[in-house]
Structure formats: structure tokens, C-alpha cells
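Okay, structure first, notes after.
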Amino acid sequence: MLDLKLIRENPSIIKEKLSTRGDGAAYVDKILQLDIERRECIGKAEGLKSLRNTVSAEIAKMKKAGEDASGKIAEMKKVSDDIKSLDEKLSVIEKDINEILINIPNIPADGIPVGKTADENIEVRQWGEKLNGDFKYLDHVELGKKHDILNFETGAKISGSGFPFYKGKGAILERALINFMLDSHRVNGYTEVFMPFLVNRASMEAAEKVPKFEDDMYRIDSDDLFAIPTAEVPILNIHRDEILKYDDLPIKYCGYTACFRREAGSYGRDLRGLLRVHQFNKVELINFCTPETSYDEMEKMLLNACGILEALNIHYRILDICTGDMGFAGSKQYDIETWSPAENKFLEASSVTNCTDFQSRRAMVRFKRPDQKGTEYIHILNGSGLATSRLMVSLLESYQTPDGKIIVPKVLHKYTGFETIG
RNA sequence: GGAGAGAUGGGUGAGUGGCUGAAACCAACGGUUUGCUAAACCGUCGUACGCUGUAAAAGUGUAUCCCGAGUUCGAAUCUCGGUCUCUCCGCCA
């Protein structure tokens, strides 16, 4: 959620910046108009409330002195009615403002690529090289079937399509990846957390996932709980409605969760195997930091995520995401894509995003500087470090041998207890 | 699932209709005292929104005692609905 005051004070700048991000700019004028009405309403209502408070105190005194206050009481009855109708009007206006505000995306950072679609993302760098062995690379679905480690039919039987089923060494490898990533990030200074996979509506709203993206979420109607689409949601909410200590910043968390996404409307796209699933595993990184450090922290987080891929020796590239392709809450976003030799393309395995104060305003996560009055909204960064599903695709495919075996990357041996599959 | 208790500022905790944004204590911060430390004493000590205003400041009004609605001239305090927490019983990984 954007800052209403910021919009009020810099409408043209906000409009200009939002113009690169869909239709956000169109809302600005409407917001400004409503904001004027809102402040008028507040002024009137508060004036009357002030009067009521004063006179009520007088009534109390008169009653104590045994005087008759019925005239003033009748007068205040009328005032109270007026206050009530003004308050009702105000709440309608504020609801309208809020409705618009939750549909305006974050302001893009200076210097990020301007563009409409993913084609206009800019590649920052690549690491490693494309594999070009002189044999036909089997894709992860074929490899999964061959070694009986991944079975999508069984997953479909249990739950439906898009719910992968891992077996034997496949299940162990998945777990190994998660443990390896968590251990690595702990060394990088992140505090490990383990969280609920179902969260309440307030948590989803704080993370700006709901109501805008409610259709993409799995919801449990009977309790109004949501299956988390990412660990970002519960981790972000750790500090909801809190004022953090300046000296504690930055606060960094890593955590594993399963992630649940309905992927409504994306049927037919990248459906094969693990490429687009309703449930996947991810280790998430979250950083709560000051505004002046957030872009530096973002670079560090990116390196933390890349470090996993380098340890696993998987070819990847980094994209600087353009304004039109960026996530709703993001101000700047890097995607990390890992190479799939069988698909012959890069797959998005991670996304590192600086959400600046966009989420913290809704979630009310603030901090206080020493020797300074008032609070500021904290900057919140999130990054996958990483999602195992796409990573598994790249890993299985990249580590296959011409005779169809799969070598387990060395860093995972201590987690798997075996060195090859097949 | 059954029965009961509760939710007040960073913490403990008082307050059952009228100077109560809220006692007291603790913590924190600033200061005095002190050879140093400790102790003592004094002061400060929530947040949000609006208005006035500034270089920064500051002033002022309103709201806020879990959330929402109601009663009343006036609600932390009374009524109703909800959420959450705790205790006991039952069930259970």
C-alpha cells in the first residue's frame, strides 16, 4: 500500500512513476479528490467532538453542583447525531480510498528497466555454462519415472494434477536440498524459523496477497484460513503491528515451508511435471531493514541465493525485472533462473524483491531511530533461496550421465547418504 | 467437543459511567549527586490522524484500555456480537 500523504504531496511524480506499471496512475486523481473530502469530513467531525467533550464536562460539573443541565443535554444530543452521520460518511470515504489504494502497485525504483512484458527484462549476468554433452538429455519427468523417484500420476491420484509425489531417493534428495539451503542461510546470518502453513486473513492482507489475489489462493472457508502461497506471508507477519528497535536491524529470517498456489488461469502453460505445480517446497529469505540500506541488503540477499546454486554447480542467470513484469509489491526485483538442459531454457527458481515500505505500511511494521521523534516504516525484502521444484528440474537434468544415472552434487552427500541415483 | 476465567501503555498491574491517555511499580532515556561503580533524587517516557506552523522545531484538536455494534449529554467502565489467550474434563498425532 502506498502512502496517502506521499500521493497528496507529489501527485505528478507518483503518476509518472506509476505510468510504467499498468493503470495505477489513473487512480491518483480519484484518490486526491477523495482525500480532500476525507479531510473536510474529519475537520467537521472533530470540531463537533471537541465541543461535545467540553460541554459534557460542563454537564458533569453542573450535575455535581445540583444544577439543571437538561438544556445542554438536549443540545448535545443533536450534536451527537451530527457526529454520527459525519462519521458514517467518513468511513465510506475511507473505504473507497482504501479500495483504490490496495489496487495501486508499488512505485518502481529509479534505474530499473522500463517495459511491459517479460521480454523487456534485462539479463544482469550468467554463472556457469550450458551443458552440451553428446547425448540426449532426458527431462526430469522421464528421469523421475526411470528411477521411480518422482511420480505425478500418484500425486494426481491423491490430490489432483499439480501435486507432485516424491519417492525413495527422490524424497530424500528433496529433503536434502531443503536442509542444505537452510544450513547455508543460517551461516549467512539468517535466523531459522518454522511456521504455520495456514494463516488468517489479516496475515494475508498484511502481505498484500488478499483481496487482490484471493482467487489464486487456497482457502479454507470454514475457518477463513489461507494456505500460504509463500513463507513470505507468515514471516512478514512475525512483526506485524510492531515497532522494531533500530539496533536490531537488519532482522533476517530464513524458513522452509510448503507453498500452495491455485495457479488459476495458467492452465496449459509449463504444466509438465514440476514446472508449474500447486504445491512446492521453498526456503524463503526475509530481511527487515532501514530504508537507506535496503538496496544494499537486496544485493546481499541475491548473492545468498546465488551461493546455493554455485555450491550445487548449476548454471543460472540473473534478470533485472522490468516495470511491467514486476510483482505487485515490488519496487525492484531480480529473478534467478536455472538452466534446464532438457527443456533447453532457463526456469525461474528464485525471485529477490525489495518491497520497500509497501508491505510494512499495511502490516504496520515500523522502527524508531535513536534521538529522533516518530516512527518510520521499515523496508522489507523477500527472496526465495530457493524453490526446490524448479531447482530439482535443473539438478536432475544437469547431473544425469549418458547412461541415465544421476550424480548427487557433492555438497548434498552428507544430507542424502548416497552419491548416485540409478 | 463440554465447563469456566480472562484480554488495560515496552512489562507487571490499578481502575465498574464524568479532568483517566489512563494510578502505582518496573524497564528505558536525560540530568543531579559521586574518586569510580552502586545507590538515591529530579525529569522524560505510546501511537495514528487532522489543523496551525517551522529551516528543524513546536503547538493544538480528535481517536485509541482485544475487535465491531449499541445504550448515554458523556463509556476502559453498562449491553450485544466476534476474535484471541488461559485452566479443567473428554478425544487425539
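Here the structure is a predicted model, which is why all the values come from computation and not from measurement. Sequence lines set the chain letters: A, B, ... in the order given, protein chains first and strands last, and positions in each chain run from 1.
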With a 3.5 Å cut-off and sequence neighbours excluded, list the donor-acceptor pairs that the side chains of residues 105-114 of chain A form with protein atoms.
from, atom 1, to, atom 2, distance (Å)
A:N106, ND2, A:A329, O, 3.0
A:N106, ND2, A:C355, O, 3.2
A:N106, ND2, A:T356, OG1, 3.0
A:D110, OD1, A:K17, NZ, 3.1

List the atom pairs, donor and acceptor, that lie under 3.5 Å between side-chain atoms in residues 202-211 of chain A and the rest of the protein, sequence neighbours left out.
from, atom 1, to, atom 2, distance (Å)
A:S203, OG, A:N200, OD1, 3.1
A:S203, OG, A:R240, NH2, 3.1
A:E208, OE2, A:M1, N, 2.5

Taking side-chain contact (heavy atoms from CB on, under 4.5 Å) as the test, write out the residues that go with A:S12, two or more places apart.
-> none
Given protein heavy atoms under 4.0 Å, the one-letter contact record of nucleotides 63-84 of chain B, with B base, S sugar-phosphate only and - none, is simply S------S--BS----------
Quick one: label A:T375 by what it contacts on the DNA or RNA (base, sugar-phosphate, nothing), any heavy atom closer than 4.0 Å.
-> sugar-phosphate
Stem ranges for RNA chain B, with three or more consecutive Watson-Crick or G-U pairs under 3.5 Å?
-> B:1-7 with B:83-89, B:10-12 with B:24-26, B:28-32 with B:40-44, B:46-52 with B:58-64, B:66-70 with B:78-82
Whole angstrom value for the distance that separates P of B:C19 from CE of A:M62 | 17 Å
Side-chain heavy atoms of A:I73 within contact of A:K63, under 4.5 Å = yes
Are the side chain of A:E284 and the backbone of A:C254 linked by a donor-acceptor contact shorter than 3.5 Å?
-> no
Distance, rounded to the nearest Å, where A:I83 contributes CD1 and B:G61 contributes C1' | 13 Å
With sequence neighbours left out, what residues match A:Y334 under ring pair (Phe, Tyr, Trp, His ring centres under 6.0 Å)?
-> none
Positions of residues 33-45 of chain A (non-hydrogen atom under 4.0 Å from RNA chain B), listed by number | A:R38, A:R39, A:I42
Give the rounded distance in Å between these two atoms: CD1 of A:I243 and P of B:C29.
-> 17 Å
Take the protein atom CD1 of A:I7 and the nucleotide atom P of B:C49, then report the distance between them rounded to whole Å.
-> 14 Å
If we take the C1' atom in both B:U16 and B:C92, what is their distance in whole Å?
-> 42 Å
With sequence neighbours excluded, give me every ring-ring contact (aromatic ring centres under 6.0 Å, His included) pair touching residues 285-308 of chain A.
-> A:H239-A:F288
Taking atom C1' of B:G9 as reference, at what distance in whole Å does atom CD of A:E242 sit?
-> 15 Å
Going by the side chain to side chain donor-acceptor pair (under 3.5 Å) test, which pairs reach into residues 139-152 of chain A, not counting sequence neighbours?
-> A:D139-A:R272, A:D148-A:K167, A:N151-A:T154
With sequence neighbours excluded, give me every ring-ring contact (aromatic ring centres under 6.0 Å, His included) pair touching residues 157-182 of chain A.
-> A:F163-A:H278
Could you check whether A:R361 gets within reach of a base, just the sugar-phosphate, or nothing at all, counting any heavy atom under 4.0 Å?
-> nothing
Which whole number of Å gives the distance between the P atom of B:G70 and that of B:C65?
-> 16 Å
Qualifying ring-ring contact (aromatic ring centres under 6.0 Å, His included) pairs, either residue in residues 351-375 of chain A, two or more places apart = A:F328-A:F358
Using side-chain contact (heavy atoms from CB on, under 4.5 Å) as the criterion, list what pairs up with A:I172, not counting sequence neighbours.
-> A:R175, A:T416, A:F418
Whole-Å C1' distance, B:A22 and B:A63 = 14 Å
Which whole-number value in Å describes the distance from A:K245 NZ to B:G10 C1'?
-> 8 Å
P atoms of B:U62 and B:G74, separation to the nearest Å | 15 Å
